[in-house]
Amino acid sequence: MLKAKDLRGCYPALITPMMEEEGQIVVDIDKFHQVIAQVVDAGVSGVLIAGTTGQSATLTHEEHVKVVVEGAIYARGYAAGQGREIQIIASAGSNSTHEALDLSRRILLEGKVDALLHVTGYYNNPPQEGLLAHYKKVADVAAEFESSVILYNVPSRTNSNIEAATAIELAKHPAIIGVKEASGNIEQIKQILDGTDREQFAVVSGEDHMVADIIAMGGQGVISATANVWPGEFQTLCNLALAGEMDKARELQEALMPCVQATFSVKNPIPLHHILDSKIRLPLVTMDQLEDEKRRMALEKIDKALAIKSFPHVGDVAGPRTLA
């Protein structure tokens with residue numbers, strides 16, 4: 001069971017690589033292993049499997065569970081070969097409570113993960129009372145399996161916000177150990193930090209451009225899409241900020257901004273699938289399928305980011321990781 005004090009550092013929100021097979025777009029497990037190996041090589045604290053960046057919305061439940069189970073086994077084995085451990089977080093969220101409970105049970109029964117990430121109620125946009133009831137049920141299931149839950153607050157995708165008072169109340173549940181905060185609302189994040197105990201509840205950034213600022217306020221790391229390609233840089237960013245080296249952290253954060261802008265140059269994870277040479281499943285499309293001007297602007301940002309050969313305070317860890 002992952003505890004709040006151990007939720008520290010960088011957790012790449014891994015893409016789920018795909019390939020074309022007999023006219024269908026299917027999960028590419030071999031390339032998924034390559035992605036995992038490269039972020040583990042970069043020294044990240046852990047990984048998130050089958051989240052938004054991992055195309056969870058386009059995976060069947062069978063694919064979702066398979067990706068989590070096989071990814072967790074491979075990541076643990078690969079890290080063990082380097083003489084270390086790695087934390088595994090699996091996305092299991094849904095806007096339907098019974099579906100979230102079912103997926104959580106299937107993942108916890110079939111795969112050894114340290115924590116589950118659960119998003120808010122997208123589309124149906126429940127009231128705060130509904131979010132409280134939903135997350136308590138999810139956390140009760142996690143507790144049955146001696147696992148834990150991380151809240152995921154991303155109103156830009158869900159139109160559903162976990163208010164500070166709700167997060168503070170949920171933090172009282174022993175199985176709810178933290179929140180991935182992607183609201184972009186600094187005041188709300190400050191209220192959550194002020195109202196919770198760092199030993200019991202961690203706040204990690206869900207916004208790749210705000211990592212240094214959130215850690216400076218008391219946060220503990222980031223679950224990052226951009227870290228698929230720049231994992232060592234984001235781990236270093238977290239390490240610097242957690243060590244109180246805020247001038248260096250902010251300098252590195254600024255240097256990473258072109259990488260963040262490239263990652264989100266069009267809807268995530270389209271740019272990452274382009275950089276890492278992977279197919280993608282509808283209704284997402286490849287870069288080649290975008291209209292000309294949109295594609296041109298996105299490719300300019302990607303090329304600019306990939307041209308950066310070194311980052312301040314990172315040393316020989318710098319540079320994008322591309323797949324063979």
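FYI, side chains are in, hydrogens and waters are out, and symmetry mates aren't considered; it's all heavy atoms of this structure.
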Whether over 12 other heavy atoms sit under 6.0 Å from [X] [atom1]:
X: E300; atom1: CD; result: yes
X: D303; atom1: CG; result: yes
X: M297; atom1: CE; result: no
X: E254; atom1: CD; result: no

Charged N to carboxylate O under 4.0 angstrom, [X] versus [Y]?
X: R105; Y: D102; result: no
X: E291; Y: R296; result: no
X: E20; Y: R281; result: no
X: K279; Y: D28; result: no
X: D197; Y: K172; result: no

Spell out, yes or no, whether [X] and [Y] are grouped together once hydrophobic residues are joined by side-chain heavy atoms under 4.5 Å, including indirect joins.
X: V154; Y: L131; answer: no
X: L290; Y: I302; answer: yes
X: V141; Y: I150; answer: no
X: M287; Y: L276; answer: yes

Exercise for review: Show your reasoning for whether side chain to side chain contact (heavy atoms under 4.5 Å, CB included) applies to R198 and K5.
Suggested key: CA-CA 7 Å; R198 296 291 70 72; K5 63 183 179 63; over 6 Å; no
Keeping [X] on the side-chain end and [Y] on the backbone end, is there a donor-acceptor pair under 3.5 Å?
X: D208; Y: T226; answer: yes
X: Q235; Y: G9; answer: no
X: Q55; Y: A57; answer: no
X: Q24; Y: E21; answer: no
X: Q200; Y: K3; answer: no
X: Q220; Y: V203; answer: no
X: S160; Y: N125; answer: no
X: H64; Y: S91; answer: yes
X: Y135; Y: H118; answer: yes

Which pair of heavy atoms, one from [X] and one from [Y], lies closest together, and at what distance?
X: E163; Y: Q128; result: N-OE1, 3.1 Å
X: Y152; Y: I162; result: O-CD1, 4.2 Å
X: V119; Y: H134; result: O-NE2, 4.3 Å
X: V44; Y: P231; result: CG1-CB, 3.7 Å
X: I49; Y: V68; result: CG2-CA, 3.8 Å
X: S147; Y: A175; result: O-CB, 4.1 Å

Review point. Is there a side chain to side chain contact (heavy atoms under 4.5 Å, CB included) between S94 and Y122 once you walk through the steps?
Key: CA-CA 8 Å; S94 173; Y122 49 89; 4.0 Å; yes
Practice item. Test N228 against every option in T53, V39, T263, I275 by the side-chain contact (heavy atoms from CB on, under 4.5 Å) rule and name the one that passes. Key: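 Among T53, V39, T263, I275, the one meeting side-chain contact (heavy atoms from CB on, under 4.5 Å) with N228 is T53.
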Compute whether any side-chain donor of one residue and acceptor of the other, for [X] and [Y], lie under 3.5 angstrom apart.
X: Q253; Y: H209; result: no
X: H274; Y: D288; result: no
X: Y78; Y: D41; result: yes

Point to revise | Separation between CD1 of I215 and CG of L237, rounded to the nearest 0.5 Å | key: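 Reported to 0.5 Å precision, the distance equals 6.0 Å.
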Exercise for review: Could you check N161, T158, T166 and say which one makes a side-chain hydrogen bond (donor to acceptor under 3.5 Å, both in side chains) with N153?
Suggested key: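 Exactly one option meets the side-chain hydrogen bond (donor to acceptor under 3.5 Å, both in side chains) with N153, and it is N161.
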